[in-house]
Each structure stands twice: as C-alpha cells, then as structure tokens.
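Input: a single structure, listed below in structure tokens.
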Amino acid sequence: MDSPWLVPVSLAFGILLGAGLVCIIVISAQRGRRAVAVASADVPDGVDEVIEALESAGVVIDPSNNVIRASPGAMALGLVWNQALVHPELVALVDRARRTGQPITEELHLHRGPFGDAQIYLSVRVARLGARYILLLAEDRTESYRLDEVRRDFVANISHELKTPIGAVGLLAEALESASDDPVQVRRFAKRLTTESERLARITQEIIELSRLQAADALHNPDLVDIDHVIASAIDQNRVAADAQAIQLVGGGDKGATVYGDESLLITAVHNLIANAIQYSSGNSRVGVGVTNRDGTVEIAVTDQGVGIPEDELDRVFERFFRVDPARSRHTGGSGLGLSIVKHVVQNHGGDIRVWSQPGYGSTFTIRLPQAAQTGTRVGAQK
Ligand code: ADP
C-alpha cells in the first residue's frame, strides 16, 4: 500500500519545516534585538523614574523620532502610537527643538489619539534631554478650555438678557421723576419698577444657578434622595400659582422611589417643569406629576393640557435663553433659563429629559434618573 511518492514528499516537507523554523528563529532574534535596543536606550539617569512618576504626559524621543519612553498620561491622551508620536504638530516641535537647541512652549489643539474625533487642548513643552534625546511634556488643558468657552458664551448671552430689564428700570426711574406731582402715575410706575427689579433678581439667581451647574460635570457627595419628598415640595411651591389660575395640580404614581443626588437641585428641576406647565396652560385645566419606578429607572413626568410646543421647536426648548414665543415669555417674566437648568440638573444626576408635545393639546416633560436602589444598599428592601 506504500505510495512511491511518500518518501520524497515527506523529505520535502521536512526540509520546508526546517527552513521555516530557521526563519522564525532568525526573525525573532532580530525583533528581540530591536526591542532590547528600544527598551535599554541609554537615557540620562533618573529620567525613567521621572517619566514613571509623571501624572501628566511625558515622552522621550530618540534622534530618529522613535518614542523610547512614554508616561501612562501620554498613552492615555493618545499622543503615542506604534512607538512614534501620533501628531505631526508634535513631531514638528521636536524637530525644531532638536535643530535650535532651544526649549519650546506651545498651546496646541489636537485630536485625541490616531483615529479619535474628540479634541484635546495641550500645553506642550519640548526640550533637549542630554545630547541625543528630546523630552516632550504635555499638560491636558481640555477641561479648563471648555469652561472658558462656556463662560465666554454665557457672558455674551447674559449681557444681552440683562440689557432689557436694566433699560426698563432706567426709563421707569426717569418717568417717576417727571410724574412726581401725580400720585396715581407714581404708584403705577413704582409697581412696574418693582416687577422689573423682581425679574432682574430672578434672572440673576437663575444665571448663578446655571453657571454653577455647568461648571460641575457630576455631583460630589450625592445623598440618597426621596423622590416622594421632591415631588411634594415642588408641588407645594407651585400651589398658589396653580390656584390663582384654577389649575388642578395633582401628583401620583409609584411611591418610595429613591435616587442618589442633591435634593434641592432635584426640587428645583421638578419645580421648573411644574411652573412651566402652569404658565403655559389656560385656566380650569389640569397639571399632573407622575412617578414610575421600575427597571432601574425613576421617571418623573409632568403633563399639562396647555398651549403645547411646535414640533420644530421641541429640540431647542432646552437651550439657554430660548423661548418659543418671546412676547408671551416677556409678559409672564420667563427668563428662558428654566429648562436649561432642568437639563443640567438631570445630566449632573446621570439622567436625561425628554419632551412630548402637541400644539393645542399639551406637553409632557419626562425626567429619567438612575434608581438608587439598584446600586445602593437598599436593594434588599425592594420587592
Ligand atoms: P421660560 O422662562 O421662558 O419659561 P424655559 O427655559 O423654562 O424658559 O422654557 C423655554 C421655552 O419653552 C418657553 O419660553 C416656552 O416657550 C417653552 N415651554 C416650556 N415649557 C412649556 C410647556 N409646558 N408648554 C408649552 N411651552 C413650554
């Protein structure tokens, strides 16, 4: 049964296998040498320890622009990939520092990593390290840049928003002066002056609240918050306004929901939704506040039977200073900040807010928050 081909085929196979093995051994030996050369590149004393201890980004580059040392911060920022600097802007700085021998400091705006879309802002310092190497240090300034941008934007909006009531106060003061002999007019202007100053105070308060919320990405030291108490307080705060318009204000739904967060911020958020529901409803209607507590989520829905919001404006209502009907808001004294505050409170609590609305029928704003009982110690208490 032995085939006459068996012997030569086995021989050829053996030779091929042997040659393959020799190749693999040679290649691995070369790789090993290169890795060793990179790993043991002779950087000045203490540099390894410094790079290891650095919290920010630190990179050591050899004369061929290979990265021979990189701190964990540099890897996390995506500055190094395949033993090279990812960003041509950084390579250009390294080349310049090598050429001139002078240290360079620059602010750069880069993509995070080789493929990332996210932007990072870095303060970069590049200098020679001994005769052969270049040291690149980078501080991540992304967060402070973002905050600066928010602040600049905000200041522009604020000055615009404050101009109107401040202008009104000035005009009313002049009117008061010229009507000083007419007590009826004086009373009328004084009343309007009070309204405008209250409006100024409210806008200022909301601006402070919003900027505080925007400055913090997440809450520090959250407490276990009882949602029943949040809803009851927010309803209480709006009771007088609802009664004044003969609006029936009712709470209902699941009891006993808890979330981790800041109780006063959550009361503000639900208060703002209820205040809007009342403000944008006509008399003799109903505003409902319902809670659903299931599947790890607490939902708080505020429903009204008011004017509603046109579909193409729905996305914009959470923007700062946006009003669907500026004339109506001016009349009701709305600042256009209420829903922005709600959005930021909810985001800081790891939740989201949605809106459903139909002009002429009403609106439902729904806050969703992660249920505390899912992660907290109250799991056992759940039924
Ligand atoms: P404002 O202080 O003007 O009420 P908000 O940020 O609270 O500012 O709301 C933004 C805009 O969204 C309002 O001006 C209003 O046009 C619209 N809006 C908010 N809530 C409701 C609602 N329940 N029904 C109808 N429109 C609403």
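All values below were derived from every heavy atom in this structure, side-chain atoms included, with hydrogens, water molecules and symmetry-related copies excluded. Count residues from 1 along the sequence. Every number for a ligand or one of its atoms is a count from 1 in the order of the listing.
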**OP:** Mark yes when over 12 heavy atoms from residues, nucleotides or ligands other than Glu52 sit less than 6.0 Å from its CD; otherwise mark no.
**Re:** no

Subject >> Over 12 foreign heavy atoms within 6.0 Å of CG, Asp45 >> reply: no

**OP:** Anything under 30° is parallel, anything over 60° is perpendicular, the rest tilted; go ahead and classify Tyr145 against Tyr121.
**Re:** parallel

**OP:** Give the atoms of ligand 1, by number and element, whose distance to some non-hydrogen atom of Phe322 is under 4.0 Å.
**Re:** 10 (C), 11 (C)

**OP:** Ignoring angles and geometry beyond distance, decide whether Leu339 reaches within less than 3.5 Å of ligand 1 through its nitrogen or oxygen atoms.
**Re:** yes

Subject >> Val317: numbered ligand 1 atoms lying under 4.0 Å from its heavy atoms >> reply: 10 (C), 12 (O)

**OP:** Assess the side chains of Arg188 and Gln185: does a donor N or O sit below 3.5 Å from an acceptor N or O?
**Re:** yes

Subject >> Asn272 near ligand 1 by a heavy-atom separation under 4.0 Å >> reply: no

Original post:
How about Asp95 and Asn65: does a side-chain donor come under 3.5 Å of a side-chain acceptor?
Top reply: yes

**OP:** Establish, from distance only, whether the side-chain atoms of Gln371 and Asn293 form a donor-acceptor pair under 3.5 Å.
**Re:** yes

**OP:** Taking atom CZ of Arg192 as the centre, report whether more than 12 heavy atoms of other residues, nucleotides or ligands fall under 6.0 Å from it.
**Re:** no

Subject >> Sub-4.0 Å atoms of ligand 1 with respect to non-hydrogen atoms of Gly308 >> reply: 25 (C)

**OP:** Would you mind running through ligand 1 and noting each atom that sits below 4.0 Å from a heavy atom of Gly336?
**Re:** 1 (P), 2 (O), 3 (O), 6 (O), 8 (O)

Original post:
Any heavy atom of Phe318 sitting closer than 4.0 Å to ligand 1?
Top reply: no

Subject >> Numbering as shown, the atoms of ligand 1 that approach Gly338 to under 4.0 Å (heavy-atom distance) >> reply: 5 (P), 6 (O), 7 (O)

Original post:
Ser363 near ligand 1, heavy-atom distance under 4.0 Å?
Top reply: yes

**OP:** Could you list the atoms of ligand 1 found under 4.0 angstrom from a heavy atom of Val324?
**Re:** 14 (O), 16 (O), 17 (C)

Subject >> Under 4.0 Å to a heavy atom of Leu337 - the qualifying atoms of ligand 1, by number >> reply: 6 (O), 8 (O)

**OP:** Quick one: list whatever passes side chain to side chain contact (heavy atoms under 4.5 Å, CB included) with Thr292, sequence neighbours left out.
**Re:** Asp254, Arg294, Glu299

**OP:** Using distance alone, determine whether Tyr280 and ligand 1 share an N or O pair under 3.5 Å.
**Re:** yes

